[in-house]
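Being a predicted model, the structure only gives us computed values, none of them experimental. For ligands, and for the atoms within them, numbers begin at 1 and follow the listed sequence.
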Amino acid sequence: MDKFIINGGKSLSGTIAIGGAKNASLALMPATILAGGTYHLYNTPQLRDINTMTTLLETMGMNISQQDQSLTIDTKNINSYEAPYEHVKKMRASIYVLGPLIARFGEAKVSLPGGCAWGPRPVNLHIEGIRKLGAEIEIEAGYIIAKAKRLKGARILFDVSSVGATGNVMMAAVLAKGTTIIENAAQEPEIVQLSEFLVKMGAKIDGIGTGRLEIEGVDEMHSTDITTISDRIETGTFLIAGAIAGKIGGKIRLEKCNPNHLGALIVKLQDIGAEIKTGDDWIELTPSEKIKAVNVTTAIYPGYPTDMQAQWIALMSLAEGTSIVTDTVYFDRFTHVPELNRLGANITVKENIATVIGIKKLIGAKVMSTDLRASASLILAGLVAEGTTEVLRVYHIDRGYESVEKKLQALGANISREQGEEF
Ligand code: EPZ
C-alpha cells in the first residue's frame, strides 16, 4: 500500500484547479439506470470510488468508459439487478442502485453495506422510504431483496435528513405512479444536481434545493448529458491547507470551484483570521500569521460539513487557544484524533465532541490513514509539522482526492508518494 512522505514547513502558495464532486458523480452514475441510452457525465473526477462504482455498474451489464474527466455510460443492455457484497463492501454509495433498479425493472438484490471506518451507518431510511412507495422488501442473508410491479407515489418523512436516502428514494419515485412528497429532504448541492439531472432525463420534480420535494411520477425517462459540479470538500480541504500554513504561507487561489457551496467554511476561516476573496468560480485565501481558536459544530447543508470536521481539527491543533469541535451528523467520526496526537497535537474526544488545545508546533511522525477525510487531516498536519511525516495507507485518500500530491506539489509542498509496507 502506498504512503506519502511529507517534509513539513514549506511555504504554500499558488493556483490549482478543483475537480468534479465525487459525491455528485456517485449519485449521477446509478441514476442512468433509470433509462436505456447513452449518457455523458463531464467533469467526472478520476478516483478510486468512481472506479468502484464503474465496476459495480458494469457487472449489471452497463458499458462505461472514462476519458480524462468525461464519463460515457451506455445503459441499453442492463441484464442483472444485483449489487453483490464484494462490490458494496468497498463503498457504501453502491446502495444508490437500489432505487433506480426497483423503479425501472421492478426488482433489485442489493447487499447491505458493511460498516465503515468510523462505525455503523444504517440504511433504514432508504429501505423504509422505498417500502412506502409500495415495494416488497425482505432482508435475507445480508441482502436487500426488493420487488414491485409498479411503485406508487407516497408521502415520506425522513426523521433524520439523509443525503443517500433522499437520493435513493427520489430515484425510485420519479417512475412511480402518482405523486411523491419527501419531507425533510437533504439539500446538499450533490442532491440538487441529482434532481436537476433527473429533470433533464424527463422527471417532474418541484422544490429542488428545499427540504420538501414534490415528485410527479412519469412513465418513462431518457438519456442526457451533464457537467458535474465542483467538489466542495476538495475545495475546503485545500483552503485549510492554505490556512494551516499560517505565517509561512502565501496566497492560494482555487479555480473551477463554487464559493456558494462553502458558505459555512468561509465564515469560519474568516473567523480564524484568514483573508478570503471570491469570484464566480474561484476563491483566494491569504492566511493570517496566527490562527485563532474557533469552535465548529457540523450540521447538514448548508451548515458546516461533517466531511470537513477532521480537517478543521487538524487546523485547530495549531490554533492560539482551545476549540471545541462537535459532530452532530456522525457521533464517532474521530479516528483521525489518535493519529494527530501522534504528531504532538493535544486533542481529547468525549462522545461526539473533540476538545483541541492549540500547541505551537507539530512534530513529524509515521501515521496511519483510517478513512478518506481522516487521511486528508493527516496530510494537512504533515504539511506544517517539523521534520518528516509518513502517512500510510493512502489508498483511503485516493478514494476522494484526484492527484492530491501533485496539486500540493504545485502549491510548494514537499510531498512524494512511495510504495508502502504491505500489511
Ligand atoms: C453522504 O453519505 C456522503 N457520501 C458522505 O460523504 C457524507 O459524510 C454524508 O452524506 C453526510 O453529509 C456520499 O454522498 C457518497 P447520510 P450518506 O445518509 O448519504 C444517518 C465522504 O467523505 N442515516 O446523509 O451515507 C447516518 O447514520 C463521505 O465523501 C440513518 O440513520 O450520509 C448519519 O448519521 C463520507 N439511516 C446521517 O443519517 C439511513 O438510512 C447522515 O447520513 C441513512 C442515514
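At distances below 3.5 Å, not a single donor-acceptor pair connects side-chain atoms of Thr72 with backbone N or O atoms of His40.
The shortest separation from a heavy atom of Lys22 to ligand 1 is under 4.0 Å, placing the residue in contact. The shortest separation from a heavy atom of Gly400 to ligand 1 is not under 4.0 Å, leaving the residue out of contact. Using 4.0 Å as the threshold, Glu234 has no heavy atom nearer than that to any atom of ligand 1.
Looking only at protein heavy atoms, the nearest one to atom 20 (C) of ligand 1 is Val160 CG1, 4.2 Å. For atom 24 (O) of ligand 1, the closest heavy atom belonging to the protein is Val163 N, 2.7 Å. Regarding atom 22 (O) of ligand 1, its nearest protein heavy-atom neighbour is Arg373 NE, 2.8 Å. Here the protein heavy atom with the shortest distance to atom 17 (P) of ligand 1 is Arg121 NH2, 3.8 Å. In terms of protein heavy atoms, atom 43 (C) of ligand 1 is closest to Pro122 O, 3.3 Å. Looking only at heavy atoms of the protein, atom 19 (O) of ligand 1 is closest to Gly164 N, 2.7 Å. Considering only non-hydrogen protein atoms, atom 26 (C) of ligand 1 sits nearest to Tyr330 CE2, 4.1 Å. Among protein heavy atoms, atom 18 (O) of ligand 1 sits closest to Ser162 OG, 2.7 Å.
The side chain to side chain contact (heavy atoms under 4.5 Å, CB included) test applied to Val337 returns Ile313, Phe334, Asn341, Ile347, Val349, not counting sequence neighbours. For Ser403, the side chain to side chain contact (heavy atoms under 4.5 Å, CB included) partners are Lys406, not counting sequence neighbours.
Between Val329 and ligand 1, at least one pair of N/O atoms sits closer than 3.5 Å. Of the polar atoms of Asn124, at least one N or O is found under 3.5 Å from an N or O of ligand 1, judged by distance alone. Considering backbone and side-chain N/O of Thr306, none are found under 3.5 Å from N/O of ligand 1. Ligand 1 has an N or O atom lying under 3.5 Å from an N or O atom of Asp307, backbone or side chain. Of the N or O atoms in Leu372, none lie within a sub-3.5 Å distance of an N or O in ligand 1.
Looking at Arg333 and Asp307, a side-chain N of the basic residue comes within less than 4.0 Å of a carboxylate O on the acidic one, giving a salt bridge.
Using modelled atom types and a 3.5 Å distance limit, the side chains of Thr179 and Glu216 yield a donor-acceptor pair.
For atom 15 (C) of ligand 1, the nearest non-hydrogen atom from the set Asn23, Leu194, Asp49 belongs to Asn23.
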